[in-house]
Each structure stands twice: as C-alpha cells, then as structure tokens.
Amino acid sequence: MDGKDKTKSMEISKPASSRILILTVPHGASHQRASNALRAALLEIQPDLSVEVVNALDHCAGWFRAYYNSYEIPLKYWPGLWGWIESFQDRRGSTSPDWLNRRGARPLFQFIQTFAPDVVIATEVGMCELVALHKRENSAPYRLAALELMDFHPAWVQPEVDLFLATHEDLAAELVAAGAHAAKVLTCGQPIDPAFASPLDHVTARTRLGIEPQVPLILVLFGGAGIAKPHRLLNEIKKLEKPYQMIFITGRNRSMEMEIQKHVKGLANFRVLGWVENMHEWMAAADVLVSKPGGSTVTEAFASGLPMLAFDPHPGNEVRTCAWIEKWGVGLWVKHAEDLAPTLERLLDYPEELAGLRERALLLARPRAAYCAAEAINNLAQRSA
C-alpha cells in the first residue's frame, strides 16, 4: 500500500463526529437561552461535533402544538386554574398521557429517527417525556440527557434518561427523591451566556453603560413570558421617594416596550430598552433586580452577584423558585405589589443587608455551568459511539 492509499484508509477508518440534538420549546426565554449556551460550549470543547438546537414543537402535529401551548390561556386569564392543573400533573407524575404524546409527536419521532443522534438533550419536562417514549418504544440506541432548568417535575424521572443535569443541589435532591438514580444526577448549574464567566466590575460596567456612578440602579426585567401586572409594578415603583436610576428591559416584547415608554414618559432617570445582547453588563451595573423568577434570570443574577426581588411569579415552578430564592438567602419574594417600593427603599438604605444578599448570590454562581454540562454530554456521546 503506497502513502496515498494509507492516508485514504486512515480517513475511512476515522470515526464520525458525534451528533447531538438539543430539543427546546418557545415557552419563556430560559429554554432557548440555556440551549444556545450549551451548544456554544459543546462546540468550543469539541469543534467537530454536530450540534443542532431545535424547537421540538415545530416537528409535532399542528393540533398537538396548539394543545401544548394551551397552558398560556389559563396562565394569562386564570392563573389559579393553571396552578391546579400543574399540581394535578405533579400528583400523576406526567404532563400528558402516552397515547396523546404518541400521536401528537409522531412527526417529531420521525425527525429524531432521520437525524440519527448519539445524544438527545431535553430542556423541558414534556420533551423529556416525549423522547423517553420514543426511545422506549423503538429501542433507540441514543443517550438521553435531561436538562432541568430550575423546574422540577416528577415526570423528569424516566428510566430512559441516562443523565440528569441539575441547577442546584436542592433540585438534584428532588430528582433523587422522585426516583432518579443518584449516579446519573450531576449538579452543574444552568447553562448561561459565556459572557457571565468574565463579569465586569461594578464601576467599569456603569462607565461603559453611561450610568451615574453614585446613584443606585434598579434593573427591572419584563422578558420571557412577561410580568402579568406591569401597571401595578410601575405604579408602585413611582412611589419611590429617592432619585433612583431605573432601567426597564422588555426583551422582544415590542408592545410592552412601547407601553412602558408611555407610562414613564417625562420621568427623570428612567430608561426603557427592548432586546439587549449585553445583559451581563446591565446586571454588573445594577444594585438590585426586580423580575419574575425565570430560571435563566435567577442563574444570571447569581453569576453577577445581583440581589433579586422576585415579583409576580407564575403558579407552580416559579412560586417554588421564589421559595428557593428566600431559602438560599439571595433575594426576597415580594408577594404583594404594595410591598415593592418599601422593600426596595429598605434594601437600598441598608447596604449591609444588600451586601449579604450579594455575597450569598455569588456563592451560588456557576458561570461555567455550560462547560460542565458540555463535558458530561460529550462523555455521554463517546459512550454511545
């Protein structure tokens, strides 16, 4: 065999790069942000991987998409009903019956079959159920990783899951208590934008963003699913007596951005922004955060050492997250709108309390969570190959 034939033989015998499929859903912002951060980390540590982030609902039957998204109706108009539904699902240990999932996800199953992944990563509990069902009924050879985003549900615990990625030790303990094998559970934190791994200091961030250095800055986030009662929040914030700086970030909700612009028009030290690519800078510059307790927001606040006032949580997981925030001592749950202004003023008037919240938040920071998860998934892929 000459040198050319030998080289050709070596190329033929070279193992194909692993194929990784990340399934997400367009519910809030956490699933997509965590998926993108994880994909970036996977490709950084193993550039020859084939990694795709896919909205799984795009590959489901139309009627099933409508069914899957129908949670938004009670969530918006009758939150208490959604709280009851989620509680019922918890008791049943499933978000939907298998017969319904089997029919509605048939196109998704075909897509997975065609993609031929070595690893499938589910970033939402219902998707985890769907993929586990496909793997079980088709004896599919791929590995399944469940990426829990501060949203524990018993339905995460499926026998077909090979790796559970948890955001915190307490949530990992919940998975184990629900039946997950402890050896399969890894606490790595929630994958977030790599920019949070190298945060700016407070002064530098303020200088870069044009923020007055001596005046406290309150950051208010309306992203993801949005705060259900923005007018109540704004009315309470207007009661603040001192000249705080306020930054409102509404994400991709253009109508919300315009509505808040009108609401704060003419007020000094108030700025309203839509989608931003530099959330790590705004969190580094802020003194306190007011937001719904979405998984990504909470995790990014940890990485920034930013105390959080959780406001207007959805029933179910977000209410549970509020309880975690208070247990961990990284923020406060504002249960009544009329308590918002007094709580903000108390924190900003007593820097010792604020400093304590900041220190405990930094203790929970896992800015390199995406890399921790990526290493574990890459190992999983190699075992599958």
Side-chain angles (χ1 to χ4, degrees), residues 21-35 38 53-76 81-112 115 117 119-138 140 142 144-167 171 174-175 178-180 190 224-225 294-296 314-321:
L21 180 62
I22 304 176
L23 296 181
T24 186
V25 292
H27 297 169
S30 290
H31 306 293
Q32 189 67 47
R33 285 155 68 182
S35 297
L38 181 55
V53 175
V54 173
N55 175 4
L57 293 179
D58 284 345
H59 297 277
C60 292
W63 64 264
F64 188 74
R65 283 198 300 274
Y67 157 76
Y68 212 91
N69 293 328
S70 63
Y71 83 101
E72 295 173 341
I73 298 172
L75 202 58
K76 182 175 181 179
L81 175 60
W82 174 247
W84 181 88
I85 292 171
E86 193 172 81
S87 175
F88 175 76
Q89 291 175 339
D90 282 355
R91 293 194 302 272
R92 192 177 62 179
S94 174
T95 62
S96 297
D98 281 352
W99 66 266
L100 187 66
N101 286 339
R102 190 178 295 112
R103 294 180 184 180
R106 193 171 295 151
L108 175 63
F109 295 164
Q110 183 58 53
F111 172 78
I112 295 173
F115 188 90
V119 178
V120 177
I121 304 164
T123 67
E124 190 264 349
V125 63
M127 287 302 120
C128 184
E129 287 185 277
L130 292 180
V131 180
L133 178 64
H134 175 261
K135 188 178 177 183
R136 181 186 319 134
E137 296 190 343
N138 294 275
Y142 58 78
L144 173 56
L147 179 59
E148 168 272 314
L149 302 177
M150 214 168 287
D151 59 348
F152 170 77
H153 191 291
W156 278 114
V157 183
Q158 303 288 331
E160 293 74 22
V161 176
D162 300 285
L163 174 65
F164 296 92
L165 298 166
T167 53
L171 286 106
E174 287 190 315
L175 288 168
Q190 180 167 324
S296 288
H314 288 321
N317 275 319
E318 287 194 356
V319 168
R320 288 192 289 273
T321 300

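One-based numbering along the sequence shown.
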Enquirer: Show your reasoning for whether side-chain contact (heavy atoms from CB on, under 4.5 Å) applies to His27 and Leu57.
Expert: CA-CA 11 Å; His27 297 169; Leu57 293 179; 4.0 Å; yes

Enquirer: Considering only heavy atoms from C-beta outward, does the side chain of Leu147 approach that of Gln190 to under 4.5 Å?
Expert: no

Enquirer: What heavy-atom pair brings Gly104 and Pro107 nearest, and what distance separates the two atoms?
Expert: O-CD, 3.7 Å

Enquirer: What is the distance from atom OG of Ser30 to atom CG of Asn317, rounded to the nearest 0.5 Å?
Expert: 11.0 Å

Enquirer: Take the angle between the ring planes of His134 and Tyr142 and call it parallel below 30°, perpendicular above 60°, tilted in between.
Expert: parallel

Enquirer: Identify which one of Ile112, Leu23, Ile22 satisfies the side-chain contact (heavy atoms from CB on, under 4.5 Å) criterion when paired with Pro117.
Expert: Ile112

Enquirer: What are the two closest heavy atoms between Ala180 and Val157, and how far apart are they?
Expert: N-CG1, 3.4 Å

Enquirer: Once you round to the nearest 0.5 Å, how far does CD of Glu137 lie from CG of Asp98?
Expert: 6.5 Å

Enquirer: Supply the atom-to-atom distance Trp63 CH2 to Leu100 CG, rounded to the nearest 0.5 angstrom.
Expert: 4.5 Å

Enquirer: Side chains of Met150 and Leu171, heavy atoms from C-beta outward: is any pair under 4.5 Å?
Expert: yes

Enquirer: To the nearest 0.5 Å, what is the distance between CG (Leu38) and OG1 (Thr123)?
Expert: 9.5 Å

Enquirer: What are the two closest heavy atoms between Tyr68 and Gly126, and how far apart are they?
Expert: OH-CA, 3.0 Å

Enquirer: Hey, what do you get for SG (Cys60) to CG (Leu130), rounding to the nearest 0.5 Å?
Expert: 6.0 Å

Enquirer: Do any N or O atoms from the side chain of Glu148 and from the backbone of Thr167 form a donor-acceptor pair under 3.5 angstrom?
Expert: yes

Enquirer: Apply side-chain contact (heavy atoms from CB on, under 4.5 Å) to the pair Val161 and Trp156, showing each step before the final yes or no.
Expert: CA-CA 8 Å; Val161 176; Trp156 278 114; over 6 Å; no

Enquirer: With sequence neighbours left out, which residue pairs that include part of residues 122-135 fulfil the salt bridge (Lys or Arg N to Asp or Glu O under 4.0 Å) condition?
Expert: Lys135-Asp162

Enquirer: Which atom pair, heavy atoms only, marks the closest approach of Leu175 to Phe164?
Expert: CD1-CB, 4.1 Å

Enquirer: Any non-hydrogen side-chain atom of Val53 less than 4.5 Å from a side-chain atom of Gln32?
Expert: yes

Enquirer: Just by modelled atom types, is the Thr24 backbone N or O under 3.5 Å from a matching donor or acceptor in the His31 side chain?
Expert: no

Enquirer: Quick one, Asn101 with Phe64, criterion side-chain contact (heavy atoms from CB on, under 4.5 Å). Give me CA distance, side-chain angles, the key distance, then yes/no.
Expert: CA-CA 8 Å; Asn101 286 339; Phe64 188 74; 3.6 Å; yes

Enquirer: Just checking Arg136: does its CZ atom have more than 12 heavy atoms from other residues, nucleotides or ligands closer to it than 6.0 angstrom?
Expert: yes

Enquirer: Before you tell me yes or no, could you show the steps for Phe115 and Val120 under side-chain contact (heavy atoms from CB on, under 4.5 Å), namely the whole-Å CA-CA distance, both residues' side-chain angles and the distance that decides it to 0.1 Å?
Expert: CA-CA 10 Å; Phe115 188 90; Val120 177; over 6 Å; no

Enquirer: Other residues, nucleotides and ligands only: do more than 12 of their heavy atoms fall within 6.0 Å of CZ on Arg65?
Expert: yes

